[in-house]
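See structure below.
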Amino acid sequence: MVNIESGPTGANSDCPGPASLAPMPPALFVSEADGIRATELTRGPWAHRVMHGGAICGLLGWAVEREQRRGGIDQVCSRLTVEILSGMPMATYEVTATAVKAGKRTALVDAEVRAVPSNIPASGERGAGRLVARATSQWLTPTIPAGEPGSDGQSLPPIPAERADPGANPDIDYPRPGFNADAVDFRFVGGSTEEPGPGRTWLRLDHPLVAGEETSPLARVATLADLGAAVGWDFSPSGGAYINTDVTLQLLRVPAGEWFYFDAATVVAPRGLAGTHTAISDEHGLLGWVLQSQVEAPAEIGFPGGMNAARETASRPVSDGRRLAGDFGQ
């Protein structure tokens with residue numbers, strides 16, 4: 001049985017957390033007449049005006065799910081692959097989705113995110129903006145009638161009572177409000193986003209994805225999926241940072257609950273490449289996996305707060321015996 005300690009589960013729960021330095025937006029995204037606008041909660045650590053990859057994955061998961069539901073067939077998203085084609089600043093974007101195949105047993109749905117050109121009014125031509133991210137997804141029809149999923153017999157650690165505060169690290173310049181520090185509730189079991197090596201954590205999305213809408217189970221886990229690289233990150237052989245531009249989420253069933261358990265590690269390959277593998281569980285046991293392709297980040301991207309500081313703090317012991325370094329999640 002999965003061992004989950006009772007505790008706060010709502011986005012507005014009375015639980016320990018970082019003090020915000022600015023008023024919190026209502027959600028990661030807000031629907032507007034000319035598209036979907038990203039709020040400060042989407043900001044990642046690489047550049048404070050650029051969105052975190054998790055927010056982009058969540059947005060594309062939201063888009064493919066809305067399109068799949070139009071078909072009226074009860075299906076499970078078995079795979080969602082997101083490719084981020086360029087850095088995406090906080091702005092308004094056009095998000096579209098297309099059913100490539102709408103079968104009774106299998107379905108394929110694609111989605112795109114395009115920048116909204118400043119010279120095109122809300123009523124103007126759609127699809128004219130630059131493509132900045134895209135997703136493909138596969139949906140399968142279960143062969144057994146729907147029911148409450150049972151436990152797979154897996155024993156997981158309880159959710160720790162203490163919430164991690166990535167924004168409290170003085171060596172890392174996290175944006176506030178921002179994705180890592182404010183949009184996600186981390187409860188680490190082993191490791192942290194501030195030290196290299198494999199990591200294990202419970203986490204949940206702490207704010208709605210789109211303002212005024214209930215965040216679906218798929219959208220929740222899609223928004224968190226990119227954080228596997230932040231939980232299980234490592235240095236490259238040259239001492240640099242890895243960065244990923246893709247995320248593949250594979251699910252065995254519909255996610256249950258708000259809390260997810262990530263067990264993540266990065267495997268380093270020759271020639272500056274790597275891959276992060278994350279096993280994801282929820283209260284019923286194993287849910288699926290995340291795969292992320294990694295390449296060494298260009299020097300101009302660097303590390304939030306500086307790569308030299310990251311290397312120094314990674315080798316410096318702290319009071320609890322852990323090392324501090326940085327969060328390389330996009």
Exercise. Tell me, do Arg204 and Phe260 make a side-chain contact under 4.5 Å, heavy atoms counted?
Worked result: no
Exercise. When rounded to the nearest 0.5 angstrom, what is the spacing between CG in Leu59 and OG1 in Thr223?
Worked result: 8.5 Å
For this session: Give me the ring orientation class for Phe186 and Phe188: parallel if the planes are under 30° apart, tilted from 30 to 60°, perpendicular past 60°.
Result: parallel
Exercise. Ignoring hydrogens and geometry, is there a side-chain-to-backbone donor-acceptor pair from Thr193 to Ala230 under 3.5 Å?
Worked result: no
Exercise. Under 3.5 Å, side chain of Thr141 to main-chain N/O of Lys104, donor-acceptor pair present?
Worked result: yes
For this session: Return the minimal non-hydrogen interatomic distance between Ile84 and Gly53, and the atom names on each side.
Result: CD1-CA, 3.8 Å
For this session: Over all heavy atoms of both residues, which pair between Glu296 and Ser238 is shortest? Give the atoms and the distance, please.
Result: OE1-OG, 2.7 Å
Exercise. How long is the span from the CG atom in Leu252 to the NE2 atom in His284, to the nearest 0.5 Å?
Worked result: 13.5 Å
Exercise. Side-chain donor-acceptor pair under 3.5 Å between Asp110 and Thr98, yes or no?
Worked result: no
Problem set entry | Distance-only donor-acceptor check, side chains Glu213 and Trp62, under 3.5 Å | yes
For this session: For side chain to side chain contact (heavy atoms under 4.5 Å, CB included), just list the numbers for Tyr242 and Val295, CA-CA rounded to whole Å, side-chain angles, deciding distance to a tenth of an Å, and then say yes or no.
Result: CA-CA 5 Å; Tyr242 286 115; Val295 66; 5.7 Å; no
For this session: Could you tell me which non-hydrogen atom of Leu287 sits nearest to which non-hydrogen atom of Arg253, and how far apart they are?
Result: CD1-O, 3.6 Å
Exercise. If we ignore angles and hydrogens, is there a donor and acceptor under 3.5 Å between the side chains of Ser86 and Arg130?
Worked result: yes
Exercise. Quick check: does any side chain N or O of Thr215 sit under 3.5 Å from a backbone N or O of Ala219, one acting as donor and the other as acceptor?
Worked result: no
For this session: Compare every heavy atom of Ala264 with every heavy atom of Thr278, then report the nearest pair and how far apart it is.
Result: OG1-CB, 3.3 Å
Problem set entry | Matching residue for Phe179 among Leu227, Thr42, Leu41, Asp226 - test: side-chain contact (heavy atoms from CB on, under 4.5 Å) | Leu227
Problem set entry | Criterion side chain to side chain donor-acceptor pair (under 3.5 Å) on Thr143 and Arg105, from CA distance to verdict | CA-CA 9 Å; Thr143 57; Arg105 290 183 175 271; over 6 Å; no
Exercise. Checking Gln68 side chain against Ile73 main chain: does a donor-acceptor pair fall under 3.5 Å?
Worked result: yes
Exercise. Can Asp182 and Arg176 be said to form a side chain to side chain contact (heavy atoms under 4.5 Å, CB included), step by step?
Worked result: CA-CA 7 Å; Asp182 301 303; Arg176 306 297 302 274; 2.8 Å; yes
Problem set entry | Residue pair Leu291 / His277, side-chain heavy-atom distance below 4.5 Å | yes
Problem set entry | Presence of salt bridge, Asp206 and Arg163, under 4.0 angstrom | yes
Exercise. Which value, rounded to the nearest 0.5 Å, describes the distance between Asp282 atom CG and Leu251 atom CG?
Worked result: 9.5 Å
Exercise. What distance separates Asp165 CG from Tyr174 OH, expressed to the nearest 0.5 Å?
Worked result: 10.0 Å
Exercise. Is any side-chain heavy atom of Leu108 less than 4.5 Å from a side-chain heavy atom of Ser137?
Worked result: no
For this session: Kindly indicate, with the supporting measurements, whether the criterion side chain to side chain contact (heavy atoms under 4.5 Å, CB included) is fulfilled by Leu28 and Leu209.
Result: CA-CA 5 Å; Leu28 277 69; Leu209 179 65; 4.2 Å; yes
Problem set entry | Main-chain N/O of Ala161 paired to Arg187 side chain as donor or acceptor, under 3.5 Å | yes
Exercise. For the atom pair CG (Leu80) and OG1 (Thr136), what is the distance rounded to the nearest 0.5 Å?
Worked result: 7.5 Å
Problem set entry | Any Leu60 side-chain heavy atom under 4.5 Å of Ile56 side chain | yes
Exercise. Would Val30 and Thr39 count as a side chain to side chain contact (heavy atoms under 4.5 Å, CB included) if you check the C-alpha gap in whole Å, the side-chain angles of each, and the deciding distance to 0.1 Å?
Worked result: CA-CA 7 Å; Val30 176; Thr39 74; 3.8 Å; yes
Exercise. When clusters are formed by joining ILVMFWY residues with side-chain heavy atoms under 4.5 Å apart, either directly or through shared neighbours, do Met24 and Met51 land in the same one?
Worked result: yes
Exercise. Do the non-hydrogen side-chain atoms of Ser31 and Val210 ever get within less than 4.5 Å of each other?
Worked result: yes
Exercise. Taking the side chain from Arg114 and the backbone from Gly129, do they hold a donor-acceptor pair closer than 3.5 Å?
Worked result: yes
For this session: Go through the steps to decide whether Ser216 and Glu65 satisfy the test side chain to side chain donor-acceptor pair (under 3.5 Å), and finish with yes or no.
Result: CA-CA 9 Å; Ser216 72; Glu65 185 174 37; 2.5 Å; yes
For this session: Check the hydrophobic clustering (I, L, V, M, F, W, Y; side-chain heavy atoms under 4.5 Å; chains of links allowed) and say if Trp289 and Val267 are grouped together.
Result: no
Problem set entry | Side-chain donor-acceptor contact under 3.5 Å, Thr106 with Lys101 | yes
Exercise. Salt bridge between Glu40 and Arg43, side-chain N to carboxylate O under 4.0 Å?
Worked result: no
For this session: To the nearest 0.5 angstrom, please state how far the SG atom of Cys77 sits from the CG atom of Leu140.
Result: 9.0 Å
Problem set entry | Side chain proximity check, Pro157 to Trp202, heavy atoms < 4.5 angstrom | yes
For this session: Could you check if a side-chain atom of Trp233 sits within less than 4.5 angstrom of a side-chain atom of Thr276, using non-hydrogen atoms only?
Result: no
Problem set entry | Donor-acceptor side-chain pairing of Gln292 and Thr248 below 3.5 angstrom | no
For this session: Using a 4.5 Å cut-off on heavy atoms from C-beta on, say whether the side chain of Val184 contacts that of Leu224.
Result: yes
Exercise. Would you call Arg134 and Glu112 a salt bridge, using N to O less than 4.0 angstrom?
Worked result: no
Exercise. Which heavy-atom pair separates Val95 from Ile36 by the least distance, and what is that distance?
Worked result: CG2-CG1, 4.1 Å
For this session: Group every Ile, Leu, Val, Met, Phe, Trp and Tyr by side-chain heavy-atom contacts under 4.5 Å, then state whether Phe29 and Val50 land in the same group.
Result: no
Seminar exercise, completed: On a heavy-atom basis, the closest approach of Asp246 and Ser293 is OD1-N, 2.8 Å
